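Input: a single structure, listed below in structure tokens.
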2 protein chains.
Amino acid sequence: MSENVDSILGDQASVPAAAEFARRCRDVGLADTPQRRVIFAALTSSKDHPSAEVLHGRVKERLPRISLATVYRNLSLFVEKGLVDGVATASSHARFDANPHKHHHLICKSCASVTDVYSAAYDALGVDRLESGGFEVQEIKVTGYGLCPRCKTKETNDA
Amino acid sequence: MSENVDSILGDQASVPAAAEFARRCRDVGLADTPQRRVIFAALTSSKDHPSAEVLHGRVKERLPRISLATVYRNLSLFVEKGLVDGVATASSHARFDANPHKHHHLICKSCASVTDVYSAAYDALGVDRLESGGFEVQEIKVTGYGLCPRCKTKETNDA
DNA sequence: GTACGTGCAAAATATTTGCGTTACC
DNA sequence: GGTAACGCAAATATTTTGCACGTAC
């Protein structure tokens, strides 16, 4: 791992961007490694929202020896530290709900529990409010992320 | 599979509820089977939002021979037909996003593509608007589900 | 009676982990 | 130099599928 990182990153991650990434890593207590730079740069320059596996494919073009495990490990860390955003899509690890009343969800970031919540204000949100550029929006869901009462207590005690 | 379904369902699914379920199945073109009744009843009587595996455990108490595959198959069908709601949680099959600007997501129900969308109205939604009962809401995300332009075109042509 | 649904077991897919080596600070 | 990170490969976890048999309508 003695390659020139700037040349690896090329024009998708200019030197200032690399310095900015190094600073953000320091802020959250992560080492600034070539792998992390390339993963982050690849994600930043992606217009779509790649999965870990797709991103690994792109990153390998620049660091052919990088492992999928490293991509998974670092994406988890980036999400945990708030450097990137994880988007939950359907299927895997899905949870199910047969509550027929209009409601929204609160998801605990710590224990992943799901709580139903009722909000007249959110119920009133219209599909038309999303400027959707050709996308046919059929349904809108509002989800709050945070800490459930149990995990909030635990976190307070740990600290 | 000649057991008495009413006794299997017990008080968690009264006879009227069973009839109601049969009607809803008919409406969406699904056969009314004992497995489906029990899966649906178990979900309806769950206060939490169980995963497929957890639900399978509960359903097995009533139908010990039911397979996990049947639970997966039927949950997918129920979601597809709108009888139950699938809640996407973090981790598995996650997609990632390094867009630092405040934005929301549109997810295509057909191809699972994710599109960023900007909405001043949604950005203005406050955390305080969710009556959260002890849950510490740190972040709110609005997600629209529907058909992306590409899939909408395809669906129109298929029909 | 026929098409659909189920159980079983195997396959496919996705994600995590242990461990020896290497690189960051 | 010590700790954190990496690559590799194996282990887990999750979800889907083929097939033979049984059941709903």
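Here the structure is a predicted model, which means the values were calculated and not measured.
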Output the rounded distance in Å from CG (B/Leu30) to P (C/dT6). 9 Å
Under a 4.0 Å heavy-atom cut-off, which of residues 68-81 of chain A touch DNA chain D? A/Ala69, A/Thr70, A/Arg73, A/Asn74
Could you pick out which residue, A/Ser67 or B/Glu53, lies toward the 5' side of DNA chain D when each is mapped onto its nearest nucleotide? A/Ser67
Distance, rounded to the nearest Å, where B/Lys60 contributes NZ and C/dG7 contributes P: 12 Å
For residues 21-30 of chain B, which side-chain donor-acceptor pairs fall under 3.5 Å, sequence neighbours excluded?
from, atom 1, to, atom 2, distance (Å)
B/Arg23, NH1, B/Asp27, OD2, 2.8
B/Arg23, NH2, B/Glu20, OE1, 3.3
B/Arg23, NH2, B/Glu20, OE2, 3.1

Proximity to the side chain of A/Thr33 - top-ranked nucleotide from D/dA5, C/dA14, C/dC8: D/dA5
Hey, does the side chain of A/Lys152 reach the backbone of B/Gly134 with a donor-acceptor pair shorter than 3.5 angstrom? yes
Starting from P on D/dT23, measure out to CZ on B/Arg36 and report it in whole angstrom. 15 Å
Take the protein atom CD of B/Gln35 and the nucleotide atom C1' of C/dT6, then report the distance between them rounded to whole Å. 6 Å
Atom CZ of B/Arg95 and atom P of C/dT13: how far apart are they, to the nearest Å? 17 Å
Salt bridge or not for B/Arg58 and B/Asp48, using N-O below 4.0 Å? yes
Which one, C/dC24, D/dC25, D/dC6, comes nearest to the side chain of B/Asp32? D/dC25
Cation-pi, B/Tyr145 ring and A/Lys141 (6.0 angstrom, 45 degrees): yes
If we count only N and O atoms by modelled type, under 3.5 Å, do the side chains of B/Asn99 and A/His49 hold a donor and an acceptor together? no
A/Phe96 has an atom CZ; how far is it from atom P of D/dT14, in whole Å? 13 Å
Excluding sequence neighbours, so at least two apart, what forms side-chain hydrogen bond (donor to acceptor under 3.5 Å, both in side chains) with A/His103? A/Asp97, A/His105, A/Asp116
Hey, any chance B/Leu43 and B/Leu77 share a hydrophobic cluster, counting ILVMFWY side chains that come within less than 4.5 Å of each other, even indirectly? yes
Rounded distance in Å - CG (A/Leu63) to C1' (C/dA23): 14 Å
To the nearest Å, how far apart are A/Asp27 CG and C/dC25 P? 13 Å
